[in-house]
Every structure is written in structure tokens, then in C-alpha cells.
Q: 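Before we start, here is the structure in question, set down as C-alpha cells.
Chain identifiers are assigned alphabetically (A, B, ...) following the order of the sequence lines, protein sequences preceding nucleic acid strands; residue numbering begins at 1 within each chain.
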Amino acid sequence: MTVAPSDLLGRARAGDKRATARLLSVVENDEPGAADALRTLYPLTGHAEIVGITGPPGGGKSTLVNRLTGAYRATTDRVAVVAVDPSSPFSGGAILGDRIRMRERFLDEGLFIRSMASRGHSGGLARATSRIVNVLDALGYGVVLVETVGVGQEEVEVVRVADTVCLVTVPGLGDDIQAIKAGVLEIADVLVVNKADRPGADETARDLAQMLTLGAPRTAWKAPIIRTVAATGEGTDQLIAAIAKHRAWAAESGERDARRRAAARAEVEDLLRDSLVRRLRDRLGQERVERAIARVADRAIDPYAAVDELLRE
Amino acid sequence: MARALRDAGMEVIYTGVHQTPEQVVETALQEDADVIGLSLLSGAHNYLFPRIAELMREKGMDDVLLFGGGIIPEADVPGLQKHGVGRIFPPGASLDDIAKYVREAVPAKKVAK
Ligand SMILES: Nc1nc2c(ncn2[C@@H]2O[C@H](COP(=O)(O)OP(=O)(O)OP(=O)(O)O)[C@@H](O)[C@H]2O)c(=O)[nH]1
Ligand SMILES: [Mg+2]
């Protein structure tokens with residue numbers, strides 16, 4: 001569709017889903033008009049409740065998101081889901097399959113589901129996700145659920161857009177639970193043991209509780225451990241209550257402001273870096289930079305000297 | 001099929017089997033898909049394709065390609081194409097050919113299936 005982003009904006013704000021979808025593509029891919037759209041929308045953001053759902057593959061995140069969506073829709077006019085799946089490192093393509101678990105809600109007028117592949121975003125996945133979430137927030141989506149596979153650092157960065165992060169594990173992960181510990185456990189505000197209908201849920205909950213006692217707590221918040229059976233909906237209400245409790249605590253304790261400040265810092269610093277590099281390139285000219293690169297490759301000078309020289313000019 | 005398109009570098013939204021035309025079109029709309037690919041074995045093609053094409057028109061999705069494959073008698077194909085359906089691939093069509101067709105039809109990469 002070849003409609004100017006400014007027109008899209010007006011239509012999206014009026015609730016047109018096709019315009020919303022196009023606008024999301026514009027900001028996701030950083031197409032022309034993206035910066036202007038975000039400028040207009042930014043003052044309208046900051047109202048949505050943003051919930052991150054992360055955890056190992058196949059843990060039932062999408063099934064749980066489907067349950068949460070149903071519960072939130074009972075009290076919220078517009079709910080959005082942003083589901084991130086990994087891209088193939090070989091082809092750059094991706095199969096985005098999270099929707100399958102939400103099919104019963106495809107025709108819910110108040111729900112917008114958007115899939116996203118993890119790679120190929122200018123400025124990085126975390127930034128693309130935060131732009132998407134900002135648009136949905138500004139368009140009046142009261143709750144935005146962000147699902148991502150919690151395996152690597154990049155995914156961890158993604159859920160930082162959330163006010164509350166839920167880490168979804170399952171019974172019988174065994175040693176894998178140790179793997180979660182590295183980096184991901186620290187960002188979890190709520191721990192979920194899904195598939196609690198399976199044997200071993202109690203042990204898993206105990207292991208998690210144990211792991212939480214290791215290391216110095218970053219804040220006064222103690223992450224609760226909630227058991228769910230996403231397949232049947234059991235535990236959804238408790239999970240919603242735990243998320244609400246964290247949200248209230250974060251607002252009161254200053255944690256929410258601290259996170260927003262950290263997110264704003266990351267965003268501004270990123271943009272600053274990009275824009276400085278671009279300006280510098282424009283001033284130096286690509287040719288000069290290439291010449292310096294060639295000399296470094298030939299071992300005529302070292303990379304530090306090359307940068308010093310370029311910056312001196 | 002989804003895997004073949006992924007391996008050709010496309011982003012494929014897989015929605016599962018037995019979707020109604022309304023569900024398929026709503027998904028493609030929210031995902032801003034460039035292409036809808038329908039794989040049919042049920043024999044309901046003479047209903048499903050025209051209905052999806054009609055819904056797409058209603059929603060202004062004229063620039064989205066609709067194509068398909070599966071068990072569809074050759075005699076039915078011209079009728080479907082009159083409704084604006086693109087290529088119909090028979091069972092056993094080469095996955096490479098299908099990927100090539102999609103890539104040539106759209107420069108962008110998002111496919112709903
Ligand atoms: N027994 C049991 N199975 C469940 C439960 N929740 C989800 N499942 C099943 O677990 C499988 C994976 O569920 P998904 O919701 O797709 O998991 P996911 O974490 O979103 O998966 P990825 O996005 O691929 O990482 C499906 O077959 C679900 O039916 C549960 O509470 N109990
Ligand atoms: Mg999933």
C-alpha cells in the first residue's frame with residue numbers, strides 16, 4: 001500500500017487495523033516516515049501495561065499469552081501481542097508460529113497480534129521491538145504482551161521494554177534450569193512453572209526458589225513463583241494477580257521510573273551514536289574511510305592510528 | 001512448504017490448519033503480509049478461494065498476492081483465476097518453483113500461510 005505515513009497515522013489512530021499494520025511495518029523496517037511517525041506518537045505513549053513473556057522454546061509461552069490475552073480483554077478494550085521468533089541464521093527467513101496458539105481469538109476486534117522475526121532489523125531487534133511497542137501504546141492498546149524465546153542476550157534485551165517480565169519454565173528442565181540462571185533469571189519479575197500438570201512441578205519450583213536466594217538481590221522485589229497449566233487456563237488468575245502486584249510495587253518503589261530512564265538512555269545513546277557516525281561519514285567521505293581501511297588491511301598502519309588520523313582531519 | 005519459503009529467505013507466518021477465510025484474511029491484514037498462500041486438500045477450493053478474494057477486496061488488500069496449491073482439479077483453475085487467484089500449484093510441485101514464484105511476485109518478504 002503506497003499511502004503516506006502521515007495518512008496512515010490518522011487512520012491508525014481512528015482504529016483502522018490495516019493502517020495500524022502498515023504503520024507497524026514502517027517503524028519495524030525503519031522505512032521513510034518512521035521517524036516522523038514516532039515523533040508524533042511519542043507524546044501519546046507511556047500508558048500501556050507492557051508485559052514480557054520469555055523462556056525456553058516450547059515452554060508454553062504462546063499458550064499462556066493466549067490465556068492472558070483472554071483475561072486482559074475482559075477488562076481492557078484493546079490488547080496487543082507482539083510475538084518474536086528467531087530467524088534462520090542461514091537463509092535469513094523465519095517461520096513465525098506463535099499465532100497458532102491464539103487462533104480462537106483471531107476475530108476478536110479488540111485484539112491485535114503481530115509476529116516479528118528476530119533478525120534483519122536496522123538498529124537491532126530490541127530497538128525495533130521497542131518502536132513497535134511504542135506505536136501500539138500510543139494507539140491506545142492498554143496492555144501489550146511481548147513474547148520472545150529467552151535463550152540469548154538479545155532476547156533478554158528485548159524484554160527490557162516490559163514493565164514486568166515473566167520467565168516461563170517447565171518441570172523437568174533439569175540441568176537446563178542452570179542455563180537459565182545465566183543472565184535471564186535476573187531480569188525475571190515473576191517466575192512461572194507452566195505445564196504444572198506434569199510431574200516434577202514442585203521440584204522445579206523448589207529449584208527456582210533456591211536459585212533466587214543465591215546472589216545479592218538487586219531490588220526489594222522478591223519474584224513470586226506461579227504454577228500454571230496454560231493448556232487448561234489453570235493459574236492464569238494468579239499470574240495476572242502477580243503481574244499486577246509487581247506493577248504496583250514498581251510504580252511505588254521507583255523501579256518503573258528507573259527502568260523507563262534506562263530505556264530512554266539506551267534509545268537516546270543509540271540514536272546519538274548512529275547520527276554521529278552518519279555525520280562523520282558524510283564529512284569524511286566514504287572514499288577516505290575506505291582508503292584507511294585498505295591501509296589497515298595491508299598492515300601499513302594499525303587500526304588505532306587509522307582512526308586517529310581520520311578524526312584529526 | 002513453510003520451511004521451503006523460510007529457506008528461501010522469507011518470513012512465513014504459520015497459522016495452522018482449518019482456518020476460516022475470515023481468520024486467514026484478518027491474520028494477513030494484521031501481519032501486513034505481502035502474500036497469502038493457501039494449501040488445500042479438502043475439496044472446498046471453489047468456496048474458499050473466492051471468499052478469501054472477496055474479503056481481501058472488502059478490506060482494500062488489492063496489493064496482496066493470493067495463491068495456492070493442493071488437490072485442485074485442473075478444470076477448476078481458470079475459474080479460480082478469474083477471481084484474482086494467482087498460480088495454483090499441483091501436489092508434488094517443486095518447492096523451489098513455488099519459492100521462486102513468490103519471490104518474483106513480491107520483492108518484500110512476509111508471507112502468511
Ligand atoms: N501438558 C501441557 N502442555 C502444554 C501446556 N501449555 C502448553 N502446552 C503445550 O506445549 C506445546 C508448546 O506450546 P507453545 O505455547 O507453542 O510454547 P512456546 O513456548 O510458545 O513455544 P515457542 O514459541 O516455539 O518457543 C504445545 O503443544 C502446547 O499445547 C500445559 O500447561 N501443559
Ligand atoms: Mg511461542
Q: Could you pull out all residues at least two apart from Thr129(A) that satisfy side chain to side chain donor-acceptor pair (under 3.5 Å)?
A: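 With sequence neighbours excluded, Thr129(A) shows a side chain to side chain donor-acceptor pair (under 3.5 Å) to no residue whatsoever.
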Q: Within this structure, what is the CD-OG distance for the pair Glu11(B) and Ser91(A), rounded to the nearest 0.5 Å?
A: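 Glu11(B) CD to Ser91(A) OG: 9.5 Å, rounded to 0.5 Å.
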Q: Could you go step by step and tell me if Tyr14(B) and Leu96(A) meet the side-chain contact (heavy atoms from CB on, under 4.5 Å) rule?
A: CA-CA 6 Å; Tyr14(B) 186 69; Leu96(A) 313 171; over 6 Å; no
Q: Considering all heavy atoms of both residues, which atom of Thr15(B) and which atom of Ile100(A) are nearest to each other, and what is their separation?
A: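 Looks like C-CG1, 3.9 Å.
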Q: Heavy atoms, side chains only, cut-off 4.5 Å: are Phe106(A) and Thr27(B) in contact?
A: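 Yes, close enough: below the 4.5 Å cut-off.
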Q: Let me confirm one number: the CD1-CD1 distance from Ile95(A) to Ile13(B), rounded to the nearest 0.5 Å.
A: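 One gets 11.5 Å once the value is rounded to the nearest 0.5 Å.
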Q: Is it the case that more than 12 heavy atoms not belonging to Glu109(A) sit under 6.0 Å from its CD atom?
A: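 Count not over threshold, so no.
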Q: Is there a donor-acceptor contact under 3.5 Å linking the side chains of Arg99(A) and Gln30(B)?
A: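 Yes, Gln30(B) and Arg99(A) have a side-chain donor paired with an acceptor closer than 3.5 Å.
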Q: Run the side-chain contact (heavy atoms from CB on, under 4.5 Å) test on Lys17(A) and Lys59(B) for me, step by step, so that the C-alpha distance in whole Å, both residues' side-chain angles and the decisive distance to 0.1 Å come before the verdict.
A: CA-CA 10 Å; Lys17(A) 282 192 170 176; Lys59(B) 310 238 180 206; over 6 Å; no
Q: Would the distance check show the side chain of Arg103(A) and the main-chain N or O of Gln23(B) forming a donor-acceptor pair, the cut-off being under 3.5 Å?
A: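 No, the answer is negative, given that no donor and acceptor are paired below the 3.5 Å cut-off.
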Q: May I ask you to decide whether Asp62(B) forms a salt bridge with Arg18(A), counting only side-chain N to carboxylate O separations under 4.0 Å?
A: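 Salt bridge between Asp62(B) and Arg18(A), a charged N being under 4.0 Å from a carboxylate O: no.
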Q: Would you indicate whether the side-chain heavy atoms of Leu107(A) and Glu26(B) approach each other to under 4.5 Å?
A: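 Answer yes - side chains close enough.
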Q: Around Gln286(A), counting heavy atoms of other residues, nucleotides and ligands shown, do more than 12 lie under 6.0 Å from its CD?
A: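 Atom CD in Gln286(A) is packed in, count exceeds 12.
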Q: Look up atom CG in Asp32(B) and atom CD in Glu28(A), then write down how far apart they are to the nearest 0.5 Å.
A: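 Result: 9.0 Å between the selected atoms.
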Q: What is the minimum heavy-atom distance between Arg6(B) and Ala94(A), and which atoms define it?
A: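 That closest heavy-atom pairing would be CG-N, 3.2 Å.
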Q: Tell me whether Arg13(A) at atom CZ has more than 12 heavy atoms from other residues, nucleotides or ligands lying less than 6.0 Å away.
A: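 Open: at most 12 neighbouring heavy atoms sit under 6.0 Å from CZ of Arg13(A).
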Q: Around Asp77(A), counting heavy atoms of other residues, nucleotides and ligands shown, do more than 12 lie under 6.0 Å from its CG?
A: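 No, not enclosed.
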Q: For atom CD of Gln81(B), decide whether the heavy atoms of other residues, nucleotides or ligands shown that lie under 6.0 angstrom number more than 12.
A: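 Yes, the 6.0 Å shell around CD holds more than 12 heavy atoms from other groups.
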Q: For Phe90(A), is it the side chain, the backbone, both or neither that has a heavy atom under 4.5 Å from a heavy atom of chain B?
A: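 Neither part.
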